[in-house]
Amino acid sequence: MGARLTLDRISLSFGGVHVLQDVGFDIEPGSILGLVGPNGAGKTSLFNCISGHYRPSSGSILIDGVEVLGQSPARLVHHGLARTFQHPALQLHASVLDNVLLGGHTRLPGDAVSWALRLPYTWRAERALRDEAVELLERQGLGWAARLSADELSHGLHKSIELCRALMMHPSLLLLDEPAAGLSHGEVEQLIATVRRLRDEDDMTIVVVEHNMSLIARLTDRVVVLDHGRKLMEGTAAQAQADPRVIEAYLGAPDAAA
Amino acid sequence: MNPFGTFIQLLVDGLAQGSIYGALALAIVLVNQATGLVNFAQGGMAVLGSYIGLTIGNLLIPGVGSTLGVVLGIVAAVIASLALGGVVERFVMRRFERAEEDTKVVATIGLLTLITGLVGLIWGFNPTPYPFFFGGSESLRIGDVSISVWSIVTFTTIVALMVVLQILFRGTKFGLGMRAVADNAPSAALAGIRVGGLRMAGWGLAAALGTVAAILLASKSQLTPNNFDGILVYALAAVVIGGLDSPIGAVVAALGITILESLAAAYIPWIGHDLKVVVPFVLVFVVLIIRPQGLFGRRAVVRV
Amino acid sequence: MKGYDAVVSNRWVRLGAFLVVLVVLAVLPLVADPFTNQTISHIAVFAVAILGLNIVMGFTGQVSLGHSFFVGIGAYAAIIPIRDWWGGPLAEGAIVIGFVLSGLIPGVLGLLIALVTVRLRGLALAMVTIALPTIGLPLAQKFSDFTGGNEGISIRRLDYVGADGQVHKGNPFAAGPGLENDQWQYYIVIAIALAFFALAYFLVRGKYGRAFAIVRSNEAIASSMGVSPYRYKVLAFTIAAVYGGIAGFLLIVWGQFTSSETLAFHHSIDLVIASIVGGAGSIVGAVLGGVFYVTVSQIMNGLQLSIYTTLVQGVVIILILFLLPGGLASLPRTIRRLVRRGAAGHSVEAGHAADSASGNTKTQVQPSEERNT
Amino acid sequence: MKTTLSGRRAIAVAASVGAIALVLAGCARGGGDVAPTGEDTSAAVEPSPGITDTTLTFGISTPLTGATAGPGNCTVDGALAYFGTKNAEGGITFGDGKTRKIEIKSYDDEYNPEKSAANFNQMVADGVFAAGLGLGTPTNRAWREAAIEADVPQVLVMTGDPIFSDRTESPVQLGLVPIYQQEGAAFGEALVANGQPHKVAALYQNDDYGKGYLQGFKDAVAGNPNIEIVKELSYEPGPASSTPNYLEPQVTELAGTGADVFFQAVSVTPRVVENLAKAAAIGWTPIWFLPSNTASPGGVLTPAGVTETTYPGIYAVGFSEAAAAPPFAESEAGKAYFAAIAEYAQGPEQDGKAFPHCVWSWIGAQILEQAFEKMTEPTRDSFLDALYSIKGFDAQFAFGSIDTTVDGLPAIQTVSLQKFNGKGYTNVDVVG
């Protein structure tokens with residue numbers, strides 16, 4: 001079941017610079033929200049607020065009605081939140097499988113002593129997780145890469161692996177930070193299919209930060225447009241593309257709107 | 001000597017000894033600003049520099065007379081250290097530019113081991129007196145308190161160096177460039193700053209500074225290969241307390257911990273001289289917990 | 001499925017190799033001369049200490065320059081109960097108490113210190129860890145009535161009252177019939193060291209290994225995965241302290257002596273150097289580090305060139321950092337890489353395009369275990 | 001199929017290695033032990049390890065690198081110089097009539113007890129006949145009991161720790177230099193002897209060295225109301241990282257007591273130099289007491305800028321002539337000593353006079369030679385018997401004669417109180 005995410009009047013500032021001002025919106029469970037806006041609009045900062053990496057100076061963040069503002073990112077995971085990063089930070093010297101397994105961290109039972117003693121239940125949990133990860137990778141068409149070292153793969157594959165890692169967390173709320181950046185055309189198509197499937201089959205709530213407006217238009221149910229740390233408008237992608245304020249905001253950086 | 005005289009004497013002596021720690025701390029700050037790492041070999045390099053100066057000075061003395069010989073020796077030591085620092089940065093530390101923090105630390109520890117081994121083999125382990133070119137052991141008396149010429153020279157030299165560095169850091173293009181490099185080397189490079197050159201300069205200057213401190217120390221208490229081992233630990237404590245990016249902070253902290261340590265030893269009986277070394281390090285704990293960037297340091301913004 | 005086959009067979013090979021090592025380790029002391037046994041025990045003592053350092057430095061990336069503090073405290077925690085109680089009503093129990101305390105006391109101290117300090121980054125943590133031996137050594141000397149000060153405590157010839165009511169001198173780690181002391185001490189040291197290596201080996205695989213690795217490489221991502229960097233760094237620091245303490249116990253088994261010197265800061269530096277030379281991010285590296293720590297001095301002594309030891313160590317560490325950043329443990333991998341690059345020269349991805357098109361899943365298999373080893 | 005095959009193969013290899021090893025184990029060490037412990041009726045004595053008809057190997061474990069490397073290298077170099085000269089003359093004629101050359105093997109312990117313990121194991125493996133002369137209390141203590149267990153003589157160690165000369169505690173040991181208490185007591189007795197009232201300030205290293213000196217002094221002045229110890233300060237010693245950087249605060253604090261005698265048991269040369277200069281600078285001019293290892297005229301007093309008139313008296317306890325004093329260098333023996341050091345020393349930049357330990361080691365070597373000449377069998381027992389029975393031997397550079405027959409005292413026992421005369425030291429009996 002997807003989570004409902006409600007933001008209310010989120011403000012964030014660094015050393016007197018207002019990065020976000022009174023941003024708020026609400027996402028229906030099981031829908032895809034696009035977060036768009038020109039460079040420096042505050043999209044990633046907002047992401048970081050939701051995922052707990054930044055602490056907003058005021059406002060409220062509710063996941064399924066529970067206030068999570070001020071909780072550490074590691075705590076937020078227990079609210080069903082998972083995210084990807086603009087630059088996928090994988091363990092380059094670890095295998096793809098190990099990278100993906102990391103996503104299942106919180107689902108593994110046992111303390112350090114049990115694991116050091118290799119008690120049978122830790123062992124079994126690890127094996128079950130491993131099977132699940134292999135299956136997930138195979139579903140993404142990455143089964144062949146499971147045992148390769150991450151640094152032997154391309155950027156596009158890193159993005160896919162990172163997504164798998166996030167999916168291993170069984171999230172109800174998934175934040176994707178520029179998932180299509182640097183992907184080839186074919187990879188983008190695959191991404192769209194995957195994200196749609198997550199919404200339709202797994203009923204996930206998904207927030208996507210993306211520059212690529214055509215991708216946003218195809219993928220999202222609604223969009224929120226940010227500019228200079230403020231919410232410019234909220235609506236469907238078509239409404240946003242037609243909105244004069246949005247066009248004006250992008251005019252300063254026309255290439256970004258491409 | 002009356003109790004008040006003792007107190008003042010402890011303060012005065014603390015300032016002089018603390019200046020030595022401060023100078024090394026200053027060198028550590030300089031390297032940190034230039035290359036973003038902490039150089040554990042700073043003390044070893046300083047000792048190496050002063051041995052070079054001593055050797056050159058001794059070679060010159062028969063020809064040019066003792067005072068000039070010593071002065072030229074010191075000049076030679078400073079020049080040699082500048083070169084040494086630059087060379088070490090360029091050909092050793094440059095390799096670890098992108099390495100992780102612990103690798104860099106270990107690289108400088110390796111450097112320290114190498115230099116210590118080398119100095120011991122070349123110059124031996126005998127404590128060697130270092131000539132001072134004017135009456136270093138003379139002292140002035142003000143009431144009960146005596147202030148040695150050495151103390152005055154040391155203190156003023158270090159304070160002058162600190163001021164020069166502070167101006168260099170905050171007020172010149174060179175310092176600005178250095179800070180830009182420390183903050184973000186790639187963008188500094190894009191902005192046309194010669195990152196490599198600045199780093200070499202930072203290391204060279206730091207090595208020269210350390211050598212000045214080592215010579216000052218040696219002129220009081222002889223030169224040995226391990227002269228700076230204990231002092232390095234104090235200098236690091238000073239850097240942490242004062243803040244890694246603040247020349248003034250480093251020197252003030254160095255003076256502060258030295259004086260505090262002496263006073264605690266003299267006036268808090270259960271600490272005494274046995275446990276006075278504990279004082280600066282407990283202070284390190286306290287400062288780090290309350291103000292992790294150091295008393296004078298600026299807080300770094302953590303980016304995700 | 002064929003990929004799995006390869007891994008399984010690989011595991012059998014590994015198991016076989018492990019059994020060989022085990023058998024050799026078990027039989028060797030019966031054959032070898034005492035010095036060999038003592039040397040191997042000595043290596044094992046420091047391998048355990050270095051393993052602790054690897055867990056905190058290599059696996060979670062925290063610079064610790066105070067490891068000798070934990071080794072020294074562990075040695076005291078082991079030797080003082082034995083000195084005071086062995087031969088009394090507690091008999092051999094004193095050794096067990098010493099063993100438990102040698103892990104427990106450093107562990108608790110490590111935990112307390114970590115709770116306060118691991119929030120600090122890089123250098124600040126290094127500084128705090130320097131403070132540990134710097135404070136610990138004068139304290140140990142201050143309370144010399146209890147710790148023996150710099151004269152130390154020796155339990156090789158401990159006075160005890162025997163069953164006959166007479167005072168005897170005895171070594172708590174003297175062998176029973178059929179074994180020599182060096183053999184007996186070897187078995188104790190090796191058994192405990194192996195056990196702690198096994199624990200570490202299992203720990204850094206699976207859940208905790210992945211968590212440590214991500215904490216080391218990217219704390220922001222770690223926390224997004226539900227891995228609290230703070231908790232895992234505290235955990236690693238505490239484990240390292242326990243390993244240091246256990247190494248202290250083993251030091252007592254090996255040499256039956258300790259003094260305040262064991263705590264000294266420069267021994268921490270020696271351990272850090274050994275850790276890096278062996279390979280900080282690796283279990284095997286700890287053994288190699290121990291070999292380096294013990295045998296370099298021995299070889300230099302043997303050549304009667306010990307005044308060059310410091311220089312040689314300095315050169316070795318710089319060379320290792322230049323040529324083998326992963327330490328000696330990474331030598332096979334580096335060679336493999338060089339060979340592969342020389343032989344194939346093709347990128348894996350290029351190969352993959354063809355593979356996946358034809359549905360062929362046979363690619364180079366790199367068992368994930370290898371990367372941590 | 002492949003799986004099980006390679007698995008079986010691996011286990012088979014393991015098993016066969018084990019089997020071979022077990023077979024080896026059965027015959028190697030267990031079998032070897034039986035022969036020598038069998039009958040003991042043969043007439044010829046079985047020589048101990050490390051001695052042949054032409055050579056004897058002597059091991060020295062001492063700090064050769066690190067903060068204590070200076071004096072540490074000296075402990076090797078003095079012996080190398082002495083035996084180097086003797087070997088060049090053809091060797092030493094032993095009590096059993098054979099002439100042997102002495103081979104010195106040195107082992108670096110970095111002033112680290114764990115390394116010195118490892119060094120002992122290595123020395124045993126290298127087959128040294130005996131070991132000793134090494135510097136340091138904790139480092140020698142670390143293998144004292146191991147040496148007893150292994151029955152390897154650990155002799156003429158350079159530490160004033162009394163345990164090494166206690167025959168019951170240390171049956172195969174002997175100290176070389178006077179125990180610290182003796183030195184402290186010598187000064188105390190001389191101070192009492194002058195009959196004047198004195199206020200004493202003390203600065204000592206907080207270890208067996210400093211505490212031993214102070215204890216000896218206190219015992220000697222105990223019960224004498226004339227002498228009052230007004231203040232005692234200490235400092236924590238330790239090599240390298242924890243070497244105290246300066247002790248001037250202590251000197252300043254002690255100066256505040258107005259004491260007229262300064263009992264200073266500090267073992268770090270540069271610190272003593274600083275302290276001597278400091279006290280003069282702040283106008284405190286007490287009578288000084290210096291311990292034997294940091295009283296060198298050339299190495300300590302001259303660098304401190306101290307002259308005969310700076311203080312009412314600088315006293316040191318000596319048990320050997322100081323190589324840095326002019327009369328030493330002018331004497332025939334002194335010239336021979338410096339020539340030998342120049343030829344045989346292995347330590348870097350060794351001048352033989354910066355630390356007194358070179359001379360002490362030279363004296364130790366002479367005592368060893370005495371023992372070698374007296375031992376009638378090539379065994380450690382015979383060597384120890386010979387070593388423990390030297391009496392009335394006047395070693396070069398040592399004050400008084402060597403007497404190793406007294407339980408509880410080291411080989412060199414005669415300590416003399418000496419007063420600085422501007423160039424070197426002259427022996428005195430009374431302070432003042």
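Sequence lines set the chain letters: A, B, ... in the order given, protein chains first and strands last, and positions in each chain run from 1.
Residues of residues 87-97 of chain B lying under 4.5 angstrom from chain C, judged on non-hydrogen atoms, are B:Phe91, B:Val92, B:Arg95, B:Phe96 by number. Scanning residues 104-126 of chain B against chain C with a 4.5 Å non-hydrogen threshold yields B:Val105, B:Val106, B:Ala107, B:Ile109, B:Gly110, B:Leu111, B:Thr113, B:Leu114, B:Gly117, B:Leu118, B:Leu121, sorted by number. For a heavy-atom cut-off of 4.5 Å, chain B lies close to C:Ile307, C:Tyr308, C:Thr310, C:Leu311, C:Gln313, C:Gly314, C:Val315, C:Ile317, C:Ile318, C:Leu321, C:Phe322 in residues 306-325 of chain C.
Within the 4.5 angstrom heavy-atom criterion, only side-chain atoms of B:Val38, from C-beta onward, approach chain C.
In this structure, the separation between CG on C:Leu65 and CZ on B:Phe40 is 5.0 Å, given to the nearest 0.5 Å. Of the inter-residue distances, the one linking C:Thr134 atom OG1 with B:Phe281 atom CZ reads 4.5 Å to the nearest 0.5 angstrom. The line from CD of C:Gln141 to CG of B:Leu275 is 10.5 Å long, rounded to the nearest 0.5 Å.
For B:Tyr267, the OH atom sits in a packed shell: over 12 heavy atoms of surrounding residues, nucleotides or ligands are nearer than 6.0 Å.
Counting all heavy atoms, side chain and backbone alike, C:Pro138 lies closest to B:Val277 at CG-CG1, 3.4 Å.
Checked against side-chain contact (heavy atoms from CB on, under 4.5 Å), B:Ile289 has the following partners two or more places apart in sequence or in another chain: C:Val116.
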